[in-house]
Amino acid sequence: MSGDAVAVFAGRKMAESSNEKKFVLAGKEFGSRLIIGTGKYRNYEEMKAAHKASGAEMVTVAVNRVPLDGKVESFLDHLDPSMQILPNTAGCYDTDHAVRTARLAREALGTEWIKLEVIGDATTLLPDNEQTLEAAKVLVDEGFIVLPYFSDDLIVARKLLEIGCPAVMPLAAPIGSGMGVQNPSNLRIMREQLPDAVIIVDAGVGVPSDAAVAMELGADAILMNTAIAESPDPAKMAEGMNLAVRAGRLAYEAGRMPKRLYASASSPIEGAIK
């Protein structure tokens, strides 16, 4: 059996045999906990192949990249129509710009869903948590389903949930860095302190093991783009991410064994032949 066939078989058996809980976001049920992006692909064919291999059912699109007049071909023409479109406010550096962009997305794409990004620094692309909170309040009041991207800060997460965001999206590492989860303790604390919240890790994943770690820490889902799009083989990387997200979630739901300072024999010695 080829390597590709083994991976597909493993993913299929995992789906068949697990009692994995469904991922529900804003009242909508998804079969996949992986959310995928549309940027940085070398061509549309690579993007479509990666999307298919990922198993993702939600795709995020940067409103600032959308040709709203529809006169030229764009990535929107190559998206699976069954996928939930999640517009994002990438490229916005203040509350007003983010709110205007979200309103434009609702009119242009016909959806109340919005991934809210308000960037605070052009070099690091780290979010401005204060202005993100301000923008989220406005958009929630206007009926948007707001999924806010922010630093991995428990207090900010609580405030975003309190104003009506159905989920929070803390970063794992800076956007496009591929460094993986840099502050696992922050994500673990967030999960423990907000047991009923939907937590979607966003930004910084580089390889499937990063995705598995984030899911093992208790994330409900992961959003990623660069790790897949910039891989020499996006479709294969997307499949790997799909399997890692599922494996990490199963591990979290199952619960890990305790760590021990000393060895513990796998086979008990009671009743052994002497």
Side-chain angles (χ1 to χ4, degrees), residues 3 7 11 32-44 46-56 58-62 64-65 75 86 88-92 115-129 132 147-153 168-188 190-191 199-249 251-252:
S32 172
R33 293 175 181 271
L34 175 58
I35 305 169
I36 200 165
T38 54
K40 300 185 177 181
Y41 286 97
R42 288 170 284 269
N43 54 64
Y44 296 137
E46 281 197 346
M47 183 188 76
K48 288 190 291 185
H51 285 187
K52 183 177 180 179
S54 74
M58 187 185 307
V59 58
T60 186
V61 301
N64 290 329
R65 293 178 53 228
F75 60 90
L86 177 62
N88 67 62
T89 61
C92 295
K115 178 195 169 190
L116 177 61
E117 294 183 31
V118 185
I119 301 302
D121 180 76
T123 301
T124 64
L125 298 182
L126 291 173
D128 185 322
N129 288 345
T132 297
L147 308 181
Y149 165 70
F150 69 111
S151 299
D152 50 351
D153 185 306
V168 289
M169 304 182 74
L171 56 77
I175 293 173
S177 68
M179 293 193 297
V181 178
Q182 293 297 291
N183 295 297
S185 296
N186 286 3
L187 295 181
R188 182 179 291 114
M190 197 177 296
R191 177 74 288 164
I199 299 174
I200 303 171
V201 169
D202 181 17
V205 169
V207 290
S209 57
D210 296 334
V213 166
M215 297 302 293
E216 289 167 13
L217 289 169
D220 293 284
I222 296 182
L223 188 152
M224 66 180 73
N225 181 73
T226 305
I228 294 174
E230 289 193 352
S231 168
D233 190 334
K236 188 167 289 186
M237 181 61 76
E239 185 176 356
M241 292 294 188
N242 179 15
L243 295 171
V245 167
R246 295 185 65 87
R249 181 64 189 184
Y252 172 74

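Note that the structure is predicted; figures quoted are calculated from it, not measured. Only heavy atoms go into these numbers, but all of them, side chains included; no hydrogens, no water, no symmetry mates.
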Visitor: Does Arg188 come within less than 4.0 Å of Asp152, counting only side-chain N to carboxylate O?
Guide: no
Visitor: Could you pull out the closest heavy-atom pair between Thr226 and Gly176, with the gap in Å?
Guide: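 Scanning both residues, the minimum pair turns out to be OG1-CA, 3.7 Å.
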Visitor: Got Met47 and Ile36 here, is their nearest side-chain heavy-atom distance under 4.5 Å?
Guide: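 They are not in contact (no side-chain heavy atoms under 4.5 Å apart), so the answer is no.
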Visitor: Roughly how far, to the nearest 0.5 Å, is CE of Met169 from OG1 of Thr132?
Guide: 12.0 Å
Visitor: Would you say Ser151's side chain and Asp153's backbone share a donor-acceptor pair under 3.5 angstrom?
Guide: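 Side chain of Ser151 to backbone of Asp153, a donor-acceptor pair under 3.5 Å: no, none is there.
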Visitor: Could you check whether any side-chain heavy atom of Met224 comes within less than 4.5 Å of a side-chain heavy atom of Asp210, counting everything from C-beta outward?
Guide: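 When only atoms from C-beta onward are counted, Asp210 and Met224 do not touch, as no gap falls below 4.5 Å.
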Visitor: Measuring from atom CE of Met190 to atom OG of Ser185, what distance do you get when rounded to the nearest 0.5 angstrom?
Guide: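 Between atom CE of Met190 and atom OG of Ser185 there are 11.5 Å.
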Visitor: Please report the closest heavy-atom contact between Ala211 and Val205, naming both atoms and the distance.
Guide: N-CG1, 4.0 Å
Visitor: Side-chain contact test, heavy atoms from C-beta onward, threshold under 4.5 Å: evaluate it for Pro234 versus Ile228 and give yes or no.
Guide: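 They are in side-chain contact.
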Visitor: Is the shortest heavy-atom distance from the side chain of Tyr41 to the side chain of Asn225 under 4.5 Å?
Guide: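 Yes. Closest side-chain heavy atoms under 4.5 Å.
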Visitor: For the atom pair CD1 (Ile35) and CD1 (Ile200), what is the distance rounded to the nearest 0.5 Å?
Guide: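 One finds 4.0 Å between CD1 of Ile35 and CD1 of Ile200.
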Visitor: Do Arg249 and Asp220 have side chains that get closer than 4.5 Å, going by heavy atoms?
Guide: yes
Visitor: Report the distance from atom CZ of Arg246 to atom OG of Ser32, rounding to the nearest 0.5 Å.
Guide: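 With rounding to 0.5 Å, CZ (Arg246) is 7.5 Å from OG (Ser32).
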Visitor: State, to 0.1 Å, how close Met241 and Ala227 come at their nearest heavy-atom pair, and which atoms those are.
Guide: CE-CB, 3.7 Å
Visitor: State which residue, out of Asn129, Asp202, Leu223, fulfils the side-chain contact (heavy atoms from CB on, under 4.5 Å) condition with Tyr149.
Guide: Asp202
Visitor: Might you point out which heavy atoms bring Ala173 and Gln182 nearest each other, and give the distance in Å?
Guide: CB-CG, 3.8 Å
Visitor: Show your reasoning for whether side-chain contact (heavy atoms from CB on, under 4.5 Å) applies to Ile199 and Arg191.
Guide: CA-CA 8 Å; Ile199 299 174; Arg191 177 74 288 164; 3.7 Å; yes
Visitor: So does Glu117 get a backbone contact from the side chain of Thr89, meaning a donor-acceptor N/O pair under 3.5 Å?
Guide: yes
Visitor: State, to 0.1 Å, how close Glu46 and Arg42 come at their nearest heavy-atom pair, and which atoms those are.
Guide: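 Looking at all heavy atoms of both residues, the shortest contact is OE1-NE, 3.0 Å.
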Visitor: Could you report the tightest heavy-atom contact between Leu171 and Pro127, atom names first, then the distance?
Guide: CD2-CD, 3.8 Å
Visitor: Quick one, Arg33 and Ile222 - any side-chain contact, counting heavy atoms below 4.5 Å?
Guide: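 No - every pair of side-chain heavy atoms lies 4.5 Å or more apart.
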Visitor: Counting C-beta onward and ignoring hydrogens, is there a side-chain heavy-atom pair between Thr124 and Pro174 closer than 4.5 Å?
Guide: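 No, too far: nothing below the 4.5 Å cut-off.
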Visitor: Count the heavy atoms of every other residue, nucleotide or ligand shown that sit under 6.0 Å from NZ of Lys40, and state whether that count exceeds 12.
Guide: yes
Visitor: Closer than 3.5 angstrom, by distance alone: can the side chain of Asp121 be matched with the main-chain N or O of Thr123 as a donor-acceptor pair?
Guide: yes
Visitor: For His51 and Ala235, indicate whether the former's side chain and the latter's backbone hold a donor-acceptor pair under 3.5 Å.
Guide: no
Visitor: So, the side chain of Thr60 versus the backbone of Leu86: is there a donor-acceptor pair under 3.5 Å, distance only?
Guide: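 At least one qualifying donor-acceptor pair exists.
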Visitor: Given 3.5 Å as the limit, does a donor-acceptor pair link the side chain of Asn183 with the main chain of Asn186, or not?
Guide: no
Visitor: Counting C-beta onward and ignoring hydrogens, is there a side-chain heavy-atom pair between Pro208 and Leu243 closer than 4.5 Å?
Guide: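 Of all side-chain heavy-atom pairs linking Leu243 with Pro208, none is under 4.5 Å.
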Visitor: State the CG-NZ distance between Asn43 and Lys48, to the nearest 0.5 angstrom.
Guide: 9.5 Å
